Amino acid sequence: MFPYPSGDLHMGHAEAYALGDVIARYWVQRGFNVLHPIGWDAFGLPAENAAIKRNSDPREWTYENIATQRASMRRYACSFDWERILNTCDPEYYRWNQWIFLKFYERGLAYRKDSPVNWCPDCQTVLANEQVVAGLCERCDTQVTKKKLTQWYFKITDYADRLLDDMEQLEGKWPEKVLTMQRNWIGKSTGAKVDFAVEGRSKPITIFTTRPDTLFGATFMVVAVDSELARELANGSGVEADFEKYLESVRSASEIDRLSTDRKKSGIFLNRYAINPVNGERIPIWASDYVLADYGTGAIMAVPAHDQRDLDFARAMGLTVRVVVDTEEEDPAATGIATDGNGLLINSDGYDGLDVKAGGEQIVADLAKKSLASATENYRLRDWLISRQRFWGTPIPIIHCQKCGEVPVPEDQLPVRLPTAKDLDLKPKGVSPLATADEWVNVDCPKCGARAKRDTDTMDTFVDSSWYFLRFTSVNVNDKPFDLQQVKTWLPVDQYVGGVTHAILHLLYSRFFTKALFDMGYLDFTEPFTRLLNQGMVLMDGSAMSKSRGNLVRLSDELAHHGVDAIRLSMVFAGPPEDDIDWKDVSPSGSVKFLSRAWRIAKDVTSPVGIDPSQGSIDLRKVTHKALADISFAVESFRFNVAVARVMELVNATRKAIDTGVGGGDAAVREAAEAVAIALSLVAPYTAEEMWEILGHSPSIARAGWPAIDPDLVSAEKVIAILQINGKIKDRIEVAPDISDQELEKLALQNPQIAAELNGADIKKIISRAPKLVNIVI
RNA sequence: GCCCCUGUAGCCCAAUGGCAGAGGCAGACGACUUAAAAUCGUCCAAGUGUGGGUUCGACCCCCACCGGGGGCACCA
């Protein structure tokens, strides 16, 4: 994942990019054509806030930081393709955001609607549902409020099912955790919509339920207190004042309180009645905050016997509880515990005796005949709100004309460039700063030529990152966002690396974009990232590093103290990549020591370049080739820490061979030293390059190629077999690796140690697992 | 409350169901040195969170519990 340019690189970047770089360098060594790109996710609020503080243009701050980060990355030896850089804030990039927006617009995937939206009073802008975490703004932790506004949306809900179903392709290749989070976020649930007639109202109220089988147990109805529907029902029913009072109390309650599940239920009777379609029963309608306005239809049928929330409410308000599924448990009305298990229907007229599943299906089918119900799916996923009332983002390429309405900016007029920020007041005030850029805003309508106004909102920056991987294939293409041939060559991304913080937002949006662009014929694949690796975080003393906490470790300091290679090595060696690294447990000086140790190996090689390794020590050669095999396997399975450990072993073995074995002139020592250098070139490129030179090679080791592994040297001639009696080890013998179970068993029985132990005992069973062990059970 | 991950030497971490230790950090001792650093070498330590189960055999598989981390959370 590409970075946001907020100041210099930090320890987190150092880990992520070290891991990505090892993978890239490995496959280059293996002879593959690797595209390892970098760019900057350069639009966004921090630049704008910095500009406000400094009274300057966000461009300055942004490009300064990009230059800083870029220099640090080069120093950090990231093997990026520096010819393919992109900045999302460049017009050459964001014009294609606008182009995609227009394509979406043409297909009805981009639309504007008026509805209550999440509003961050601090950022003074709207937020997507995904950017609200536990009721707080994900960026600044301010409590998010609701505001009714006309905003632009992307119709991601059209893709809910495919986003869900296609996860099958990702199974085993993406962390299970991420897939689970996406599934939860999409939140598909299967059930039915059922119409309840309302006394004194021409239109029925539609509810969504996952338990149509319990319809006969619906003893009241609840509507979300903050919904339009609730107010409408309250009007004219004589409870207006109480309703407003209750609504007000709910609104003023803190989000924390609202979210606590064990809180006492509250609500108000609306003095209205609905008719249960299955039995014609008249049931009271209540308004409460435990029903959510923006999920389902904002209204539910309450079945207190079989839903805990409804039961809590019924008990608080003294409402009827009727059991309609016999689960052979105690009466919920008495225990206060709703029974939601399987069972047979009771108190349900002609449906009695059916089980939950069949009963539900039958009830829905019968109601459907009367057009009162339909089986349906419901999703938690909402459409993606993409407009933002801020300056530093992609202008939405729409012109509003009094006569023609929304008019797309013609493609040949793209990009709609951001005006200079110099004369604008960027301070957040609820309306986009672009609204005050008179010259920019006022344009002629492309359709009728009348005076019209540009849309003044900018796009959510997640739009930028939803397709940047496509642009990397075609950074120099100017007549389209990306070239299909290039895309076919390079994509989908074989290996994506990034933090789990983007599990939902970025990864879901990118998947959506990929599918939408596929449907339009611009792509030939439907999932953008084949494999995903989530690196852990870099912590200090168990918590995130931050200046305010005073536990900040500065990457530039670490690099200055220990050197780039040692820091990269420390990051990779600290543990499995997906685990968090606590910097207090890491020893960069240990890494320095190891690297010097490896480096000295190269110095101690005295044989000439190109000497035939088969002349050298067979024992050391075996160690070398086994190590290379293990290192390859470990790298390919992301166990970089293990790969490093294997290199350390090889270094130790080589050291021993030089000092107390065959000596530095042996051909196998050179082979080992070169293997060490190449293996280290993934992690510690500077050290490896120097070793390579000391070993008499010319630059560059980065493309030296991965050494060929001789399978004969990897498979041992002799292995140690374990001889057990009743699972306890009695002896070890050397055997050929291809020995048969029978032969091994025979050897075991002939073994003097075993014979003595057996002492003629009755053998019950012999387990022979050639060539590793024999277990004799007596 | 529900779901997922995790628990191995003082610490970070390895071990296709088959000898619990590969590697590192820290520590101890020795060699080299006038001394120190660096280097080299030797050593040190856990029986795998707890209790059951499956198996000839369990760090590994199953169940329960405990500790740590994470996700979701009035989603009808």
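The shown structure was predicted, so the numbers you read here are calculated from the model rather than taken from an experiment. Reminder, nothing fancy here: chain letters follow the sequence lines and each chain counts from 1.
With the nearest nucleotide of RNA chain B identified for both A:S591 and A:D310, A:S591 has the one nearer the 5' end. Nearer the 5' end of RNA chain B, as judged by each residue's closest nucleotide, is the contact made by A:I722, out of A:I722 and A:A224.
Closest to the A:D585 side chain, of the nucleotides B:G24, B:C12, B:G41, is B:C12. With distances taken from any side-chain atom of A:E649 to the nucleotides B:C56, B:A22, B:C25, the minimum falls on B:A22. Of the candidate nucleotides B:A22, B:C19, B:C56, B:C56 has the atom lying nearest to any side-chain atom of A:V777. Checking B:C40, B:A76, B:C72 against every side-chain atom of A:F208, the shortest atom distance belongs to B:A76. In the set B:C74, B:A76, B:G71, B:G71 carries the atom at the smallest distance from any side-chain atom of A:M181. Each of B:G18, B:A76, B:C13 was ranked by its minimum atom distance to the side chain of A:Y295; first place goes to B:A76. With B:G23, B:C13, B:A76 as the choices, the nucleotide that has an atom nearest any side-chain atom of A:L292 turns out to be B:A76. For A:K593, the side-chain atoms get nearest to B:A26 when compared with the rest of B:A26, B:G18, B:U42. Of the candidate nucleotides B:A76, B:A22, B:C56, B:C56 has the atom lying nearest to any side-chain atom of A:I767.
Among the protein residues, A:T180 comes within range of no part of the nucleic acid, since none of its heavy atoms lies under 4.0 Å from any strand. Note on A:N652: only backbone sugar-phosphate atoms sit closer than 4.0 angstrom, heavy atoms only; bases stay farther off. Within 4.0 Å of A:F573, counting heavy atoms only, lies at least one base atom of the nucleic acid. Using a 4.0 Å heavy-atom criterion, one finds that A:K584 contacts no nucleic acid atom at all.
Note: CH2 (A:W174) to P (B:C4) measures 21 Å, nearest angstrom. Rounded to a whole Å, the CD1 atom of A:I776 is 21 Å from the P atom of B:U55. At whole-Å resolution of the value, CG in A:D340 and C1' in B:C74 are 14 Å apart. The distance between atom CG of A:L539 and atom C1' of B:C12, rounded to the nearest whole Å, is 13 Å. Taking atom CZ of A:R380 as the reference point, atom P of B:A73 lies 5 Å away to the nearest angstrom. B:C74 atom C1' lies 15 Å from atom NZ of A:K264, rounded to whole Å. Atom CZ of A:R646 and atom P of B:G24 are 11 Å apart (whole Å). Atom NZ in A:K603 sits about 19 Å away from atom P in B:A38, given to the nearest Å.
B:A35: no Watson-Crick or G-U partner with both key distances under 3.5 Å is found in any strand. If you check B:C40 for Watson-Crick or wobble pairing at under 3.5 angstrom, you find it paired to B:G30. Summarising the base pairing, B:G67 is matched to B:U6 through a Watson-Crick or G-U wobble pair whose two defining distances lie under 3.5 Å. Within the shown strands, nothing qualifies as a pairing partner of B:A14 under the Watson-Crick or G-U definition with both distances less than 3.5 Å.
For the pair A:K772 and B:G18, the criterion of a side-chain N or O lying under 4.0 Å from OP1 or OP2 is not met. Taking only side-chain nitrogens and oxygens, A:R600 comes nearer than 4.0 Å to OP1 or OP2 of B:C40. One finds a side-chain N or O of A:N641 lying less than 4.0 angstrom from the OP1 or OP2 phosphate oxygen of B:A14. Residue A:N184 places none of its side-chain N or O atoms closer than 4.0 Å to OP1 or OP2 of B:C4. The shortest distance between the side-chain N/O atoms of A:R639 and the OP1/OP2 oxygens of B:A15 is below 4.0 Å. Put simply, A:S587 has no side-chain N or O that comes within less than 4.0 Å of OP1 or OP2 on B:C12. Note on A:R597: a side-chain N or O is less than 4.0 Å away from OP1 or OP2 of B:G41.
The pair A:D340-A:R211 does not count as a salt bridge, with every side-chain nitrogen at least 4.0 angstrom from each carboxylate oxygen. Remark: A:E171 engages A:R183 in a salt bridge, criterion side-chain N to carboxylate O under 4.0 Å. Looking at A:K188 and A:D161, a side-chain N of the basic residue comes within less than 4.0 Å of a carboxylate O on the acidic one, giving a salt bridge. Of the charged side-chain nitrogens involved, at least one lies within less than 4.0 Å of a carboxylate oxygen, so that A:R646 and A:E649 count as a salt-bridged pair.
The base of B:C56 does not come close enough to the side chain of A:K764 for any donor and acceptor atom to sit less than 3.5 Å apart. Donor-acceptor pairing under 3.5 Å, judged by distance alone, is present between the side chain of A:Q724 and the base of B:G18. Interface remark: the A:N775 side chain does form a donor-acceptor pair with the B:C56 base, using a distance-only criterion of under 3.5 Å.
Using atom C1' as the reference point in both B:A14 and B:A20, the two lie 10 Å apart (nearest Å). Nucleotides B:U8 and B:G68 are separated by 15 Å at their C1' atoms, to the nearest Å. As rounded to the nearest Å, B:C43 and B:A22 have P atoms that lie 12 Å from one another. The same atom, P, is picked in B:G27 and in B:A73; the two are 47 Å apart, to the nearest Å. Taking atom P in both B:C5 and B:C44, the straight-line distance is 38 Å, to the nearest Å. B:C62 sits 16 Å from B:A58 when the P atoms are compared, rounded to a whole Å. Rounded to a whole angstrom, the distance from the C1' atom of B:A28 to that of B:A9 is 15 Å. Across the C1' atoms, B:C40 and B:C32 are found 8 Å apart, a figure rounded to whole Å.
In the model, A:R597 has a side-chain atom that pairs as donor or acceptor with a side-chain atom of A:N652 under 3.5 Å. Looking only at atom types and distance, the side chain of A:E690 has no donor-acceptor partner in the side chain of A:T687 under 3.5 Å away. Inspection of the A:S189 and A:N378 side chains reveals no N or O donor paired with an N or O acceptor under 3.5 Å. A donor atom on one side chain and an acceptor atom on the other are not found under 3.5 Å apart for A:H306 and A:T214.
The closest donor-acceptor contact from the side chain of A:S288 to the backbone of A:S266 lies under 3.5 Å.
Anti is the classification of B:G67, since its glycosidic angle lies more than 90° from 0.
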